[in-house]
Asker: 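Sharing a structure here in structure tokens format.
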Amino acid sequence: MEKKLRVGILGGTGMVGQRFISLLENHPWFEVTTIAASPRSAGKTYEEAVGGRWKMKTPMPEAVKSIVVMNVNEVEKVAAEVDFVFSAVDMSKDEIRAIEEAYAKTETPVVSNNSAHRWTPDVPMVVPEINPEHFEVIKAQRERLGTKRGFVAVKPNCSIQSYAPALYALKEFGPKEVVATTYQAISGAGKTFKDWPEMVENVIPFIGGEEEKSEQEPLRLFGKVVGDHIEKAELPVITTQCVRVPVLDGHTAAVFVNFEKKPTKEEIIDRWINFKGLPQELNLPSAPKQFIQYMEEDNRPQVKLDVDFENGMGVSMGRLREDTIYDYKFIGLSHNTVRGAAGGAVLCAELLTAQEYITAK
């Protein structure tokens, strides 16, 4: 790419906004030129606005420290500075829907980490290796919004990345019933142990709204574009429990599955480790070389050892074995703020750029 696209981060001071900024440091296609946040942060440099709340393990990139934060509500002003934006704003769902569409109507593409538009019929919700063809619905969305280049695209919930790719890779065998329990890191709530001491040595068996997302969002990923909307798949039937555990980064899933046509264990592992999607074919900058790895050891995958597989963009499977009630059971692990949040959105933006949905203004 001759000249990098100018990127804005909406909600740039929060944990996911910080993750966007750290992932985009030295990105070959994108450059963070604009950061927008709440009115209380506006007018300060990014370094001042974040203060002591920088939550990444790597230092704040020098290139963003002196950027003066803009007011995210001044849509036209922010949009004039960028080619497209990533959205990680912390607002109510109605406010998020409104502000993301407002940016789209300024002819600024919005790639969102938020859940507000995940069920808007003409908004694609995409894991680039699974359902890139859903971007085709952008044409219908632009007609509804009255835009030529503006649109909203979203990525799905962070927890489903630990098992939805594994199920999709086995689609030829017809997964029909799935039971999944997810053990979710505290960064999924935008927290660290410092600001959530109650989580130290604790397990909380409830995460608001998470079970509904975990059961329904994979079906939208596995669905298809029909005219001006996305129609969700009917199978597999999924039931979940979602538990918050004292881990900083990394969502683990314990999964049980029944198939229409039961594969062998060797067939399952073969499909996982050889699974590739469009990001791998196009060699996109953030694409993992290997999307799914299988670990033979009984005690893997582990969060401490395996969460950063492929820079956090790959997913790890292990403990695949036959079950007494279901056909098989296995353990999955994904990095919730990289593949599951900002990194997944960056990969979406790379594919949208490669397919010329996102271009320079």
Side-chain angles (χ1 to χ4, degrees), residues 1-51 53-56 58-90 96 99-114 147-155 284-286 337-338 341-361:
M1 187 165 292
E2 285 175 30
K3 194 175 172 197
K4 290 187 183 184
L5 294 174
R6 300 166 302 153
V7 178
I9 313 288
L10 312 181
T13 57
M15 183 180 264
V16 175
Q18 292 177 24
R19 179 68 75 182
F20 273 119
I21 281 163
S22 64
L23 287 175
L24 291 168
E25 185 179 16
N26 302 318
H27 192 282
W29 296 3
F30 307 146
E31 181 179 0
V32 177
T33 58
T34 303
I35 301 169
S38 65
R40 70 177 176 274
S41 296
K44 300 175 183 174
T45 66
Y46 185 65
E47 190 172 29
E48 290 166 346
V50 171
R53 295 180 297 110
W54 181 254
K55 296 178 179 180
M56 301 296 105
T58 52
M60 182 184 290
E62 289 296 325
V64 300
K65 284 183 178 178
S66 58
I67 290 177
V68 176
V69 177
M70 299 179 76
N71 181 346
V72 73
N73 299 312
E74 294 180 346
V75 176
E76 298 276 353
K77 201 170 164 188
V78 175
E81 301 293 317
V82 298
D83 294 311
F84 77 99
V85 295
F86 289 110
S87 175
V89 290
D90 183 12
I96 292 169
I99 201 165
E100 289 181 349
E101 287 202 353
Y103 274 93
K105 285 175 180 174
T106 67
E107 301 294 1
T108 305
V110 178
V111 181
S112 179
N113 183 70
N114 296 305
T147 59
K148 287 189 170 62
R149 70 188 295 284
F151 63 88
V152 180
V154 299
K155 49 144 291 295
L284 297 177
S286 299
T337 66
V338 181
V346 170
L347 190 60
C348 280
E350 290 171 359
L351 183 53
L352 287 160
T353 301
Q355 295 182 329
E356 298 187 343
Y357 286 100
I358 294 176
T359 53
K361 279 185 179 171

Asker: Distance-only, no hydrogens or angles: does the Thr147 side chain make a donor-acceptor pair with backbone N or O of Arg149 under 3.5 Å?
Answerer: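 No; zero donor-acceptor contacts below 3.5 Å.
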Asker: Check Ser41 against Val69 and note the closest heavy-atom contact, atom names and distance.
Answerer: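 Shortest heavy-atom separation between Ser41 and Val69 comes out as O-CB, 3.6 Å.
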Asker: Search all heavy atoms of Asn113 against all heavy atoms of Ala342 and return the closest pair with its distance.
Answerer: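 Minimum heavy-atom contact is OD1-N, 4.0 Å.
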Asker: Just by distance, do the side chain of Glu48 and the backbone of Thr45 share a donor-acceptor pair under 3.5 Å?
Answerer: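 Flag set: sc Glu48 to bb Thr45 pair under 3.5 Å.
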Asker: Between Val152 and Ala104, what is the shortest heavy-atom contact and its length?
Answerer: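 For Val152 and Ala104, the tightest heavy-atom pair comes out as CG2-CB, 4.1 Å.
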Asker: Can you tell me if Glu350 uses its side chain to pair, donor with acceptor, with the backbone of Ser286 under 3.5 Å?
Answerer: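 Yes; at least one donor-acceptor contact below 3.5 Å.
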Asker: Without swapping roles, check the side chain of Glu31 against the backbone of Leu5 for a donor-acceptor pair under 3.5 Å.
Answerer: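 No, because the side chain of Glu31 does not come within donor-acceptor range (under 3.5 Å) of the backbone of Leu5.
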Asker: With no hydrogens and no angle check, is any side-chain donor or acceptor of Tyr103 less than 3.5 Å from a backbone partner on Phe151?
Answerer: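 Not a single qualifying donor-acceptor pair exists.
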Asker: Count the heavy atoms belonging to other residues, nucleotides or ligands that lie under 6.0 Å from CG of Asp90, then report whether that count exceeds 12.
Answerer: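 At most 12 heavy atoms, drawn from other residues, nucleotides or ligands, come within 6.0 Å of this atom.
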Asker: Is it true that a side-chain atom of Ser22 and a backbone atom of Arg19 form a donor plus acceptor pair closer than 3.5 Å?
Answerer: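 Confirmed, Ser22 side chain pairs with Arg19 backbone.
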Asker: Between CD of Glu47 and CH2 of Trp54, what distance do you get to the nearest 0.5 Å?
Answerer: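 Here the interatomic distance stands at 10.5 Å.
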Asker: For a side chain to side chain contact (heavy atoms under 4.5 Å, CB included) with Leu347, tell me which candidate from Val338, Leu23, Leu284 qualifies.
Answerer: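 Result: among Val338, Leu23, Leu284, Leu284 is the only option passing the side chain to side chain contact (heavy atoms under 4.5 Å, CB included) with Leu347.
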Asker: Can you find a heavy atom in the side chain of Ile67 that is under 4.5 Å from one in the side chain of Thr34?
Answerer: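 Of all side-chain heavy-atom pairs linking Thr34 with Ile67, none is under 4.5 Å.
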Asker: What closest approach, in Å, do Met15 and Lys55 show between heavy atoms, and which atom pair accounts for it?
Answerer: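 Between these two residues, the closest heavy atoms are CE-CD, 3.5 Å.
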Asker: Please examine the side chains of Val78 and Leu10, heavy atoms only from C-beta on, and report whether any two atoms are closer than 4.5 Å.
Answerer: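 A side-chain contact exists here, since the closest heavy-atom pair is under 4.5 Å.
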Asker: Indicate yes or no: at least one non-hydrogen side-chain atom of Phe30 is less than 4.5 angstrom from one of Asp83.
Answerer: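 Phe30 vs Asp83: side chains apart.
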Asker: Ignoring hydrogens and angles, tell me if any N or O in the side chain of Glu107 forms a donor-acceptor pair with the backbone of Lys148 under 3.5 Å.
Answerer: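 Indeed, once roles are kept as given, a pair shorter than 3.5 Å links the two residues.
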Asker: Side-chain contact, heavy-atom cut-off 4.5 Å: Met60 with Tyr46?
Answerer: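 Contact flag for Met60/Tyr46 side chains = yes.
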Asker: NZ/Lys155 to SG/Cys348 distance, rounded to the nearest 0.5 angstrom?
Answerer: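 Answer for the NZ-SG pair, Lys155 versus Cys348, is 8.5 Å.
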Asker: Would you kindly say whether Thr108 and Lys361 are connected by a side-chain donor-acceptor distance under 3.5 Å?
Answerer: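 Yes - a donor-acceptor pair under 3.5 Å links their side chains.
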Asker: Working to the nearest 0.5 angstrom, can you tell me the gap between Ile9 CD1 and Ile35 CD1?
Answerer: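 That separation rounds to 7.0 Å.
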Asker: With the side chain counted from C-beta on, respond yes when Trp29 and Thr353 share a heavy-atom pair under 4.5 Å apart, and no when they do not.
Answerer: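 Yes. Closest side-chain heavy atoms under 4.5 Å.
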Asker: Which class fits the ring pair Phe20 and Phe86: parallel under 30°, tilted 30 to 60°, perpendicular over 60°?
Answerer: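 Geometry flag for Phe86 against Phe20: parallel rings.
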Asker: Got Val7 and Val82 here, is their nearest side-chain heavy-atom distance under 4.5 Å?
Answerer: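 With C-beta onward as the side chain, the pair stays apart.
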